[in-house]
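The next block holds one structure in the form of structure tokens; read it before the comments.
Order of the sequence lines fixes the chain letters, A, B, ..., with proteins taken first and strands second; residue numbering starts at 1 for each chain. All values below come from the heavy atoms of this structure, side chains included, with hydrogens, waters and symmetry mates left out.
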Amino acid sequence: MSGAWKAADVVGLREETTTARTIRLRLPAPVPALAGQHIDIRLTAPDGYQAVRSYSVAGATPDGFEITVEELPDGEVSPYLVRDLAVGDQLEVRGPVGGWFVWRAEDSGPVQLIGGGSGVVPLMAMARAHAAAAHPAPFRLLYSVRSPESVFYREELESLAERETFDVTYVYTRKAPDGEPAGRLDKGTLARHVLDGGSDPAVFICGATGFVEAVSGWLLDLGHAPDRIKTERYGGMGGTS
Amino acid sequence: MNVWTGQPRAQALEDDYLDGNALAGPLSEVFSIDITAALGTCGGCGAEGAIAEARLYVNAPAKILRCPSCGAVLLRLDEREGRLILDLSGFKNVTIRLE
Ligand SMILES: Cc1cc2nc3c(=O)[nH]c(=O)nc-3n(C[C@H](O)[C@H](O)[C@H](O)COP(=O)(O)OP(=O)(O)OC[C@H]3O[C@@H](n4cnc5c(N)ncnc54)[C@H](O)[C@@H]3O)c2cc1C
Ligand SMILES: [Zn+2]
């Protein structure tokens, strides 16, 4: 029916945490992806029923890209992607799409990334693009996450942070390493860890809808300009990790 | 499987929403450029913003994009049985930047 859907091969799988994994996809022909874009995935049941969900591109590969999916226990699609999908399977994919929630290397200003849970995925694509370009702009990531065990891309984030231009701060919402506090992100913590509005950073916020809602409101209170803030809501009013 | 919300219909549907960003896939079926980065003017209140920034409600049978300022319906996208019905009548106009 539509020419936009392509069959992608699953060529690699990597556990990020006990409830999330990275899926490497190969496309029939290479497609460019901007950092921050997403794809749509369509699954079909034996009776013909179909479900479509969006997933951010985590990073480009020579013949495709990777996505990282967090399992929502009662979800229709994510448990299949995290538990059952195997190398050699195919997924129907549309995209990468979206020209708004993207970072481009032509943008020279400082960047503040703020992610909650799996909302870190498109921000990781931006951090990777920033590193690949050896870009001089300061990049900061504030990563709100349930516990140390729930962190995606931990080793790579640590190595990115060895560079002068990249910095990562973790806020643990449920369980922190010894000696560190655990608790939900609040306005005060946010103010302490993000680039202040005076340096006019481009801000990208991504995560569950409730998380994005709260963080964008606090940033406006803190004096960030509305037109410098871009958001990507994943759904889920309750989820504020 | 059904889970009851314990809320009247309107409110339950209002609760969860995404950004207009999430329309980029379905709208790529219709437009040859990324229309979510285009600037729309609300026909109700005149507010201007990127389509990507409006509120997208996906829990109804059709996807509904609402103005973040006044709540008016800007766009309705109904994909069913091999047909796509796109209603853009909530916009006064849409401005596309040509590269
Ligand atoms: C543009 C975009 C990019 C996305 N990128 C990613 C990504 O990179 N990785 C990823 O894991 N997911 C991502 N998502 C979310 C993803 O599309 C699905 O919503 C998610 O996988 C759940 O699908 P499901 O079929 O398993 O659950 P469903 O059967 O759809 O049920 C999920 C239920 O939980 C709610 N919910 C949805 N998301 C969350 C959340 N984050 N926290 C709490 N509740 C939630 C929904 O409102 C719904 O009621 C993205 C969403 C969008 C719109
Ligand atoms: Zn309006």
Side-chain angles (χ1 to χ4, degrees), chain A residues 1-6 31-34 36-42 48-57 74-76 92-102 104 106 119 122 204-210 212-213 216-217 226-239, chain B residues 1-3 5-7 11-40 47-60 62-63 65-66 68-69 77-84 86 94 96-99:
Chain A
M1 137 190 144
S2 139
W5 294 98
K6 303 171 278 266
V31 286
L34 301 171
Q37 284 189 307
H38 66 272
I39 59 169
D40 292 338
I41 288 185
R42 181 166 72 183
Y49 169 79
Q50 294 188 317
V52 177
R53 295 290 183 279
S54 300
Y55 293 96
S56 301
V57 173
D74 298 325
E76 193 176 32
E92 275 190 293
V93 165
R94 179 170 64 190
V97 291
W100 181 254
F101 191 83
V102 296
R104 294 179 167 87
E106 301 92 89
F204 294 90
I205 312 170
C206 185
T209 298
V212 172
E213 202 60 31
S216 53
D227 64 354
R228 297 293 282 156
I229 300 175
K230 290 186 175 177
T231 57
E232 179 117 281
R233 292 169 171 86
Y234 277 3
M237 284 310 278
Chain B
M1 182 188 60
N2 256 310
V3 182
T5 63
Q7 286 177 347
Q11 201 180 335
L13 292 182
E14 289 298 286
D15 272 346
D16 201 11
Y17 64 94
L18 307 173
D19 300 281
N21 293 343
L23 279 177
L27 291 179
S28 74
E29 308 265 3
V30 183
F31 299 99
S32 64
I33 52 145
D34 173 53
I35 198 80
T36 64
L39 218 56
E48 263 198 3
I51 290 177
E53 291 185 307
R55 293 181 166 202
L56 181 68
Y57 294 84
V58 293
N59 290 338
K63 295 187 167 73
L65 190 74
R66 289 182 179 277
S69 302
L77 182 95
D78 197 345
E79 277 177 295
R80 243 185 294 182
E81 291 148 20
R83 282 198 311 177
L84 187 154
L86 179 61
V94 173
I96 297 158
R97 167 161 295 198
L98 303 171
E99 299 293 333

Salt bridge (Lys or Arg N to Asp or Glu O under 4.0 Å) filter on Arg104(A), not counting sequence neighbours, yields none

Sorted by chain and residue number, the side-chain contact (heavy atoms from CB on, under 4.5 Å) partners of Lys230(A) (sequence neighbours excluded) come out as Trp100(A), Phe101(A), Phe204(A)

Per-residue contact mode, Glu213(A) against chain B (heavy atom under 4.5 angstrom): side chain

Can you tell which part of Ile229(A) gets under 4.5 Å to a heavy atom of chain B, answering side chain, backbone, both or neither? backbone

All heavy atoms of Gly235(A) vs all of Leu18(B), minimum pair found to be N-CD2, 3.2 Å

For chain A, find which of Ala50(B), Pro26(B), Gly20(B), Gly49(B) contributes the most heavy-atom pairs closer than 4.5 angstrom. Pro26(B)

Given Arg94(A) and Glu29(B), is the side-chain contact (heavy atoms from CB on, under 4.5 Å) satisfied, shown in steps? CA-CA 9 Å; Arg94(A) 179 170 64 190; Glu29(B) 308 265 3; 2.6 Å; yes

Engaged part of Asp19(B) at the chain A interface, taking heavy atoms whose separation is under 4.5 Å: both

Greatest number of heavy atom pairs closer than 4.5 Å to chain A - which of Val58(B), Leu84(B), Thr36(B), Asn21(B): Asn21(B)

